[in-house]
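Not measured: the values here are computed from a predicted model.
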Amino acid sequence: KTAVSLEETGKVEIAVLDKTGTITSGEPKVTDVLAADGYSKEELLRSAYSLESKSEHPLAKAIVAYGEEKQTKQLAVTGFKALPGKVGDADVKGGSLKFAQSQTKIPEKIRNQAEKLAEEGKTPLMFLKNGILMGMIAVADVIRADSSQAVKELQDMGIEVVMLTGDNERTAKAIGRQAGVDRVIAGVLPDGKEEVIRKL
């Protein structure tokens, strides 16, 4: 709103965009539900739905919407943190493949499927019960119709367009390719984003 701000805007060399809700629609949907050996899809969905009902994250909301659509029974969740929480009497954790690998050994079959889904622009989320993998639920957030046009207009003005996201690199690169951005910086947690901006 000030003349100084407008003047500064004219000197912009790099525009940094978030992925979810900026380049993408911000309305992710569940695309795949894959249970690990020894678990059913129903059991996986019940735990994931119950856990994610406490989360504010857009990807969590996609799982909740899917659980409601499938009329999944909700279990009691206690001691929820943005990391693990208890579902019934079990310790249930949900997160990225990277997070899951820090907790337990992920079978090669599931790892390969996660990588394939990520290359399709989907985000694979792993769910563990008492330290054992229950399975994976993939969520996809589609690119907004006007994103690639907006990115191109910025580039035509001589601005480098960077996409900065907490999502995994494969998924981020797939979305980045569709949007036509110059650079993708992925796997950055919310508190690390400011540091990336400073470096740029």
Side-chain angles (χ1 to χ4, degrees), residues 18-107 110-111 113-114 116-118 120-144 164-168 170-172 174-175 186-193:
D18 187 32
K19 180 177 77 66
T20 307
T22 304
I23 288 178
T24 64
S25 69
E27 293 173 9
K29 302 263 187 291
V30 168
T31 57
D32 305 80
V33 179
L34 302 158
D37 292 344
Y39 289 98
S40 67
K41 277 187 180 183
E42 291 70 29
E43 195 177 355
L44 166 62
L45 184 58
R46 209 163 40 240
S47 288
Y49 168 61
S50 303
L51 184 71
E52 299 295 31
S53 66
K54 300 287 181 194
S55 174
E56 288 297 307
H57 197 281
L59 297 183
K61 286 179 179 165
I63 291 175
V64 172
Y66 184 79
E68 284 168 359
E69 187 190 313
K70 298 283 180 202
Q71 297 180 328
T72 307
K73 183 177 181 288
Q74 196 164 350
L75 303 165
V77 176
T78 54
F80 179 86
K81 291 197 284 284
L83 268 165
K86 278 207 182 306
V87 176
D89 294 331
D91 181 38
V92 174
K93 295 174 184 175
S96 65
L97 174 60
K98 187 174 164 186
F99 169 75
Q101 283 178 317
S102 73
Q103 304 286 312
T104 188
K105 190 167 168 26
I106 305 296
I110 300 253
R111 262 201 332 268
Q113 284 170 318
K116 185 174 163 290
L117 292 166
E120 293 168 14
K122 299 171 182 176
T123 300
L125 299 168
M126 304 288 163
F127 290 89
L128 294 87
K129 186 175 183 178
N130 296 331
I132 295 162
L133 181 74
M134 295 180 78
M136 165 173 68
I137 297 178
V139 175
D141 186 10
V142 293
I143 187 166
R144 281 161 63 150
L164 176 60
T165 178
D167 211 336
N168 75 75
R170 275 193 167 89
T171 303
I175 299 289
V188 183
L189 293 171
D191 56 3
K193 288 185 177 177

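- Contact check for Glu43 versus Phe127: no side-chain heavy atoms found under the 4.5 Å cut-off.
- To the nearest 0.5 Å, the span separating CE on Met136 from NZ on Lys122 amounts to 10.0 Å.
- Judged by distance alone, with hydrogens and angles left aside, the side-chain atoms of Thr24 form a donor-acceptor pair with the main-chain N or O of Gly21 at under 3.5 Å.
- Counting only heavy atoms from C-beta outward, the side chains of Val139 and Leu125 approach each other to under 4.5 Å.
- Closest approach of Ser47 to Met134, counting heavy atoms only: OG-CE, 3.6 Å.
- Smallest separation of non-hydrogen atoms from Ala172 and Ala186: CB-CB, 3.7 Å.
- The distance from atom CD of Glu120 to atom NZ of Lys116, rounded to the nearest 0.5 Å, is 4.5 Å.
- Nearest heavy-atom pair, Gly121 versus Thr171, reported as atom, atom and distance to 0.1 Å: O-CG2, 3.4 Å.
- Note that CD of Glu68 is 9.0 Å distant from OG of Ser53, once rounded to the nearest 0.5 Å.
- The CD atom of Glu27 sits 11.0 Å away from atom NZ of Lys61, with the distance rounded to the nearest 0.5 Å.
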Evaluate the criterion side chain to side chain contact (heavy atoms under 4.5 Å, CB included) for residue pair Leu44 and Val33; output intermediate values, then yes/no. CA-CA 8 Å; Leu44 166 62; Val33 179; 3.8 Å; yes
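- Contact annotation: the side chain of Tyr39 approaches that of Ile132 to within less than 4.5 Å [non-hydrogen atoms, C-beta and beyond].
- Asn168 is listed as a side-chain neighbour of Pro124, based on a closest heavy-atom distance under 4.5 Å.
- For Met126 against Ala114, the heavy-atom pair with the smallest separation is CE-CB, 3.7 Å.
- Checked against Thr123 for a side chain to side chain contact (heavy atoms under 4.5 Å, CB included), the options Leu59, Leu117, Ile137, Leu97 give a single hit: Leu59.
- With values rounded to the nearest 0.5 angstrom, Leu128 atom CG is found 5.5 Å from Leu133 atom CG.
- Nearest approach of Thr31 to Ala140, heavy atoms of both residues: CG2-CB, 3.6 Å.
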Go through Gln113 and Asp32 one step at a time and tell me if the side chain to side chain contact (heavy atoms under 4.5 Å, CB included) criterion holds. CA-CA 10 Å; Gln113 284 170 318; Asp32 305 80; over 6 Å; no
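- Pairing each heavy atom of Ala35 with each of Lys41, the nearest pair is CB-N, 3.8 Å.
- The CD1 atom of Ile23 lies 9.0 Å from the OG1 atom of Thr165; values are rounded to the nearest 0.5 Å.
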Should Lys93 and Phe99 be marked as a side chain to side chain contact (heavy atoms under 4.5 Å, CB included) after you check the CA-CA gap, both sets of side-chain angles, and the distance that decides it? CA-CA 10 Å; Lys93 295 174 184 175; Phe99 169 75; 4.0 Å; yes
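- For the pair Glu69 and Val30, the minimum side-chain heavy-atom distance is 4.5 Å or more.
- In this structure, Gln101 and Arg111 have side chains that are in contact, with non-hydrogen atoms separated by less than 4.5 Å.
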